[in-house]
Amino acid sequence: MVVWTPEEIKTITGIFSSLDYEDIGPKALCRCLIVYPWTQRYFGSFGNLYNAAAIKSNPNIAAHGVKVLRGLDRAVKNMDNIKATYAELSTLHSEKLHVDPDNFNLLADCLTIVIAAKMGDDFTPETQATFQKFLAVVVNALGKQYH
Ligand code: HNI
């Protein structure tokens, strides 16, 4: 069972309350698809992913980036119960989408980089430590239904 300090909860809710989902979500997903091109295989029906420019201007990818952040929002609102909150989403990624769970970490890292770039000096080591903890719990929960 994950324990959160009041300070950690404040940090996570603070980050998400100031996030522009329409900006950060697409940037994080695009970065993942460009830096780790094998992750593109799951988005075969999303249209043109031919190169970085195509990925960055693909509206289906942008929309999906926003959707992923909305998915994370559910974890923020249920920080004491992320595992249960994500049970269904984990089953979807495992049994229907067949997404290799290693990829969750890659997207999480891309999200960290995009948020760090956005927050600048405000993304202190302490903030990063809390954010990494949050993402580690999310990645773990998303991987729970794999067997
Ligand atoms: Ni993911 C669908 C959340 C990582 C590939 N994904 C979703 C949906 C949410 C979501 C929410 C929509 C579910 C629904 O329609 O009911 N995905 C998340 C979160 C993470 C994540 C919170 C990690 C932080 N997904 C990944 C990764 C990949 C991925 C790393 C592949 C590399 N996801 C998909 C695909 C779909 C998807 C593919 C279905 C897209 C579609 O619309 O066809």
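Computed from heavy atoms alone, side chains included, the values below leave out hydrogens, waters and symmetry copies. The first residue in the sequence is number 1, and the count goes up from there.
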Hey, is the main chain of [Y] close enough, under 3.5 Å, to the side chain of [X] for a donor-acceptor pair?
| X | Y | answer |
| --- | --- | --- |
| Glu95 | Leu92 | no |
| Ser94 | Ser90 | no |
| Asn58 | Ala54 | no |
| Gln40 | Leu33 | yes |

Quick one: are the ring centres of His98 and Tyr42 less than 6.0 Å apart?
->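 For His98 and Tyr42, the ring centres are not under 6.0 Å apart.
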
State, with a plain yes or no, whether a side-chain heavy atom of [X] is found less than 4.5 Å away from one of [Y].
| X | Y | answer |
| --- | --- | --- |
| Tyr36 | Asn103 | no |
| Thr11 | Glu126 | no |
| Phe104 | Asn140 | no |
| Lys133 | Val2 | yes |
| Phe131 | Leu111 | yes |
| Thr124 | Met119 | no |
| Ile55 | Phe46 | no |

Shortest non-hydrogen separation from [X] to [Y] and the atoms involved:
| X | Y | value |
| --- | --- | --- |
| Glu8 | Val3 | OE1-O, 3.8 Å |
| Cys110 | Ala28 | CB-O, 3.6 Å |
| Leu69 | Gly25 | CD1-N, 3.5 Å |
| Phe43 | Leu49 | O-CD1, 3.7 Å |
| Ala108 | Leu135 | O-CD1, 3.5 Å |

Once you round to the nearest 0.5 Å, how far does [atom1] of [X] lie from [atom2] of [Y]?
| X | Y | atom1 | atom2 | value |
| --- | --- | --- | --- | --- |
| Leu142 | Leu72 | CG | CG | 8.0 Å |
| Thr39 | Leu29 | OG1 | CG | 7.5 Å |
| Phe134 | Ile15 | CZ | CD1 | 9.0 Å |
| Asp109 | Cys32 | CG | SG | 9.0 Å |

Distance-only donor-acceptor hits, side chain of residues 79-87, under 3.5 Å, sequence neighbours excluded:
unit_1, atom_1, unit_2, atom_2, d
Thr85, OG1, Asn81, O, 2.6
Tyr86, OH, Gly71, O, 2.7

Find out if a path of hydrophobic residues (ILVMFWY) with successive side-chain heavy-atom gaps under 4.5 Å connects Ile113 to Val68.
->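 Looking at the clustering, Val68 is in a separate group from Ile113.
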
Mind checking whether Leu97 and Leu106 sit in one hydrophobic cluster, side chains of I, L, V, M, F, W, Y counted as touching below 4.5 Å?
->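 No, because Leu97 and Leu106 fall into different hydrophobic clusters, even though each may have its own neighbours under 4.5 Å.
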
Checking Lys10 against Trp4: charged group under 6.0 Å from the ring centre and within 45 degrees of the axis?
->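 Judged by the rule, Lys10 and Trp4 form no cation-pi pair.
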
Residues Tyr21 and Asp73: side-chain donor-acceptor under 3.5 angstrom |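 A pair is found: one side chain offers a donor N or O, the other an acceptor, under 3.5 Å apart.
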
Flag for Thr130-Thr127: side-chain donor and acceptor within less than 3.5 Å =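 Thr127 vs Thr130: no donor-acceptor pair found between side chains.
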
Can Arg70 and Glu22 be said to form a salt bridge (charged side-chain N to carboxylate O under 4.0 Å, His left out), step by step?
-> CA-CA 10 Å; Arg70 294 221 174 94; Glu22 315 278 332; 3.5 Å; yes

Residues two or more places apart in sequence or in another chain: which of them pass side-chain contact (heavy atoms from CB on, under 4.5 Å) with Lys118?
->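 For Lys118, the residues satisfying side-chain contact (heavy atoms from CB on, under 4.5 Å) (neighbours in sequence not counted) are Asp23, Ile24.
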
